[in-house]
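Both counts, for ligands and for their atoms, begin at 1 and track the order of listing.
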Amino acid sequence: MHRASEPSFRESVDLMFARAVKLMDLPPGMEEKIRVCNSTYTVRFGVKLRGAIHTFTGYRAVHSEHMEPVKGGIRYATSVNQDEVEALAALMTYKCALVDAPYGGSKGGLCIDPRQWDEDEMERITRRFAYELIKRDLIDPAQNVPAPDMGTGEREMAWMADQYQRMHTTDINGRACVTGKPVNAGGIQGRTEATGRGIQYALQEFFRNPGDVKAAGLSGTLDDKAVILQGLGNVGYHAALFLSTEDGARIVCVIERDGAVSNPDGLDIDALRAHIVETGGVKGFAGGAYTEDGSAQLEADCDILVPAALEGVIHMGNAANVKAPLIIEAANGPVTAGADEILRDKGCVIIPDMYANAGGVTVSYFEWVKNLSHIRFGRMQRRQEETRHQLIVDELERISSDASINWTLSDGFKDKYLRGAGELELVRSGLDDTMRGAYNDMAEVWRTRDDVPDLRTAAYLVSIGKVAASYKAKGL
Ligand code: NAD
């Protein structure tokens with residue numbers, strides 16, 4: 001029996017949480033303590049632009065402080081509202097717990113359409129918003145560390161970090177006040193690609209587990225799988241690029257604001273992205289067939305559906321028509337709680353947002369650690385590692401020079417083996433390890449407990465368990 005009306009994003013998160021805690025044995029009152037959002041700050045501020053004062057509304061919600069600092073992105077969109085920010089903050093708590101990033105959950109947002117303002121105006125608005133948050137410690141390396149989200153990127157993070165440092169000139173850890181900064185302003189290699197890269201690693205790990213693949217009615221590997229993706233932004237672009245160029249998947253359709261483009265042989269993702277940057281949409285792209293009704297394509301045939309734009313796009317109105325046997329939630333909350341039930345009954349496997357898009361916060365964690373340690377990863381070890389590898393290569397070459405041994409090193413081995421890992425390789429390695437580990441923590445609960453019907457419930461069980469343990473240890 002499916003529910004009668006569509007739950008909101010916030011209700012969806014609460015419903016999914018409630019479904020999981022029913023299967024847990026939490027101490028009295030713990031469920032409520034974990035579920036509620038601790039605080040939400042709303043700010044209205046004015047900026048004088050184009051000869052008039054414009055008033056903007058922004059939010060920063062702190063869901064859980066079982067660990068500090070709290071962490072979560074700042075979103076710029078006209079649809080931002082308190083309920084959405086609080087739902088996203090709750091997801092951050094569960095996400096950080098699942099991937100063992102030592103943070104509580106937070107999220108922020110500003111009601112703005114960034115495309116309506118030029119760069120100088122965006123800088124003034126962002127700095128003013130940051131000022132309001134900084135003076136209340138809602139941006140602070142030890143208390144609350146934002147990151148990019150929809151509508152924001154490294155540009156906004158650089159302005160916010162600079163604003164913090166202007167207001168705290170003697171804070172030696174000032175750069176750690178936000179993550180997702182440009183590399184030349186205290187960022188880390190691999191942060192921009194991190195969430196999309198995490199989607200790739202999540203799918204790779206899924207396909208390493210044949211039983212899980214079979215549960216979705218699929219077989220084989222990622223090679224030649226047909227993928228439909230919604231939202232070719234930061235997350236969607238990197239996910240689509242890596243899946244198509246490194247894993248052999250075919251991105252058969254990309255859905256954007258102005259419609260969708262399809263090509264059964266696979267779209268050229270870099271060319272499509274360049275077209276979007278140039279024209280503002282997918283219409284007119286020469287490498288695929290255009291249709292105006294983008295959301296109808298969510299229902300088209302494919303192996304994997306990747307919603308990577310915004311929440312609530314798969315709802316009770318279209319879930320029954322979705323044909324994808326596997327959905328990976330690159331966006332936060334793209335499947336409503338009502339749609340989730342319909343899809344589960346159809347046998348569709350959903351890799352949930354809280355796990356799937358955790359690559360961003362994982363690499364943000366690495367960036368924060370880098371900022372606090374004031375040294376780039378790999379700087380101390382790289383050459384030493386190369387020197388030790390050189391010893392082995394020299395020894396192998398000495399042995400193989402013996403004419404009686406018919407044996408040589410294979411082509412390329414020496415170059416690859418001798419190269420010590422730089423920051424990007426280390427970041428990718430740490431991210432891959434995190435995504436593999438968290439997948440198996442979550443999937444193990446799904447595989448072994450008959451009362452756990454899907455990966456999402458399993459993910460909630462793992463993360464709520466960790467948050468509860470943390471509160472218990474504090475003696476609450
Ligand atoms: P982004 O702004 O870079 O990209 C969003 C893309 O979606 C844009 O290309 C936009 O044109 C498109 N889009 C917007 N509305 C659409 C619609 N109605 N139909 C089709 N396409 C539409 O944002 P992003 O950073 O890639 O974030 C996307 C999602 O991923 C969000 O849900 C965000 O919360 C989540 N997320 C982002 C990160 C990160 O590191 N950036 C981390 C975790 C989760």
Chemist: Please compare Arg75, Glu256, Lys95 and report which has the shortest non-hydrogen distance to atom 20 (C) of ligand 1.
Modeler: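 Nearest heavy atom to atom 20 (C) of ligand 1 lies in Glu256.
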Chemist: Would the distance check show the side chain of Asp171 and the main-chain N or O of Cys177 forming a donor-acceptor pair, the cut-off being under 3.5 Å?
Modeler: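 Not confirmed, Asp171 side chain does not pair with Cys177 backbone.
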Chemist: What's the shortest distance from atom 14 (C) of ligand 1 to any protein heavy atom, and which residue and atom give it?
Modeler: Arg257 CZ, 3.7 Å
Chemist: Among all protein heavy atoms, pick out the one at the shortest distance from atom 15 (N) of ligand 1; state its residue, atom name and that distance to 0.1 Å.
Modeler: Leu310 CD2, 3.6 Å
Chemist: How far is atom 26 (O) of ligand 1 from the closest protein heavy atom, and which atom is that?
Modeler: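 Closest protein heavy atom to atom 26 (O) of ligand 1: Val235 N, 2.9 Å.
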Chemist: Is there a donor in the side chain of Ser106 and an acceptor in the side chain of Arg60, or the other way round, less than 3.5 Å apart?
Modeler: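 Checked: Ser106/Arg60 side chains pair up, N/O donor to acceptor below 3.5 Å.
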Chemist: Is Asp247 salt-bridged to Lys225, cutoff N-O under 4.0 Å?
Modeler: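 Salt bridge flag = no for Lys225 with Asp247.
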Chemist: Determine whether any heavy atom of Arg191 lies closer than 4.0 Å to an atom of ligand 1.
Modeler: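 Contact present.
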Chemist: Using a strict cut-off of 4.0 Å, indicate which atoms of ligand 1 neighbour a heavy atom of Asp149.
Modeler: 25 (O), 33 (C), 34 (O), 36 (N), 37 (C)
Chemist: Looking only at protein heavy atoms, which one is nearest to atom 31 (C) of ligand 1, and what is the separation?
Modeler: Ala309 O, 3.4 Å
Chemist: Taking the six-membered ring of Tyr237 as reference, does the NZ or CZ atom of Arg273 fall below 6.0 Å from its centre and within a 45° cone about the axis?
Modeler: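 Because its charged atom sits under 6.0 Å from the ring centre and within 45° of the axis, Arg273 does stack over Tyr237.
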Chemist: For atom 28 (C) of ligand 1, state which one of Gly233, Ala239, Ala308, Gly198 supplies the nearest heavy atom.
Modeler: Ala308
Chemist: Starting from atom 2 (O) of ligand 1, which protein heavy atom do you reach first, and at what distance in Å?
Modeler: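 Result: Gly151 N, 3.2 Å.
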Chemist: Nearest to atom 3 (O) of ligand 1, what protein heavy atom do you find, and at what distance?
Modeler: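 That would be Asn234 N, 2.9 Å.
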Chemist: Does ligand 1 come near enough to Asn357 that some N or O of the ligand is less than 3.5 Å from an N or O of the residue?
Modeler: no
Chemist: Verify whether one side chain among His168 and Asp140 offers a donor that lies under 3.5 Å from an acceptor in the other.
Modeler: no
Chemist: Considering the heavy atoms of Gln230, write down every atom of ligand 1 situated less than 4.0 Å from one of them.
Modeler: 19 (N), 20 (C)
Chemist: Could you tell me whether Glu84 and Arg10 have a side-chain N and a carboxylate O separated by less than 4.0 Å?
Modeler: no
Chemist: Give me the nearest non-hydrogen protein atom to atom 42 (C) of ligand 1 as residue plus atom name, then the distance to 0.1 Å.
Modeler: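 That would be Thr195 OG1, 3.3 Å.
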Chemist: Does a side-chain N-to-carboxylate-O contact under 4.0 Å join Arg124 and Glu121?
Modeler: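 Looking at Arg124 and Glu121, the cut-off is not met.
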Chemist: Could you list which atoms of ligand 1 come closer than 4.0 Å to a heavy atom of Leu232?
Modeler: 9 (O)
Chemist: May I ask you to check whether Tyr94 and Phe17 place their ring centers less than 6.0 Å from one another?
Modeler: yes
Chemist: Is the shortest side-chain N to carboxylate O distance from Glu329 to Arg456 below 4.0 Å?
Modeler: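 The answer is yes: the pair qualifies as a salt bridge.
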Chemist: Can you confirm whether the side chains of Arg75 and Thr152 place a donor and an acceptor under 3.5 Å from each other?
Modeler: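 Result is no, nothing qualifies.
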Chemist: May I ask you to check whether Leu88 has an N/O atom sitting below 3.5 Å from an N/O atom of ligand 1?
Modeler: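 N/O-N/O distance under 3.5 Å: no.
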Chemist: Is Ala330 touching ligand 1 with its side chain, its backbone, both, or neither, if touching means heavy atoms under 4.0 Å apart?
Modeler: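 It is the backbone that touches ligand 1; the side chain stays farther off.
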Chemist: Charged N to carboxylate O under 4.0 angstrom, Arg379 versus Glu423?
Modeler: no
Chemist: Write out the residue and atom name of the closest protein heavy atom to atom 32 (O) of ligand 1, then the distance separating them to 0.1 Å.
Modeler: Asn332 N, 3.1 Å
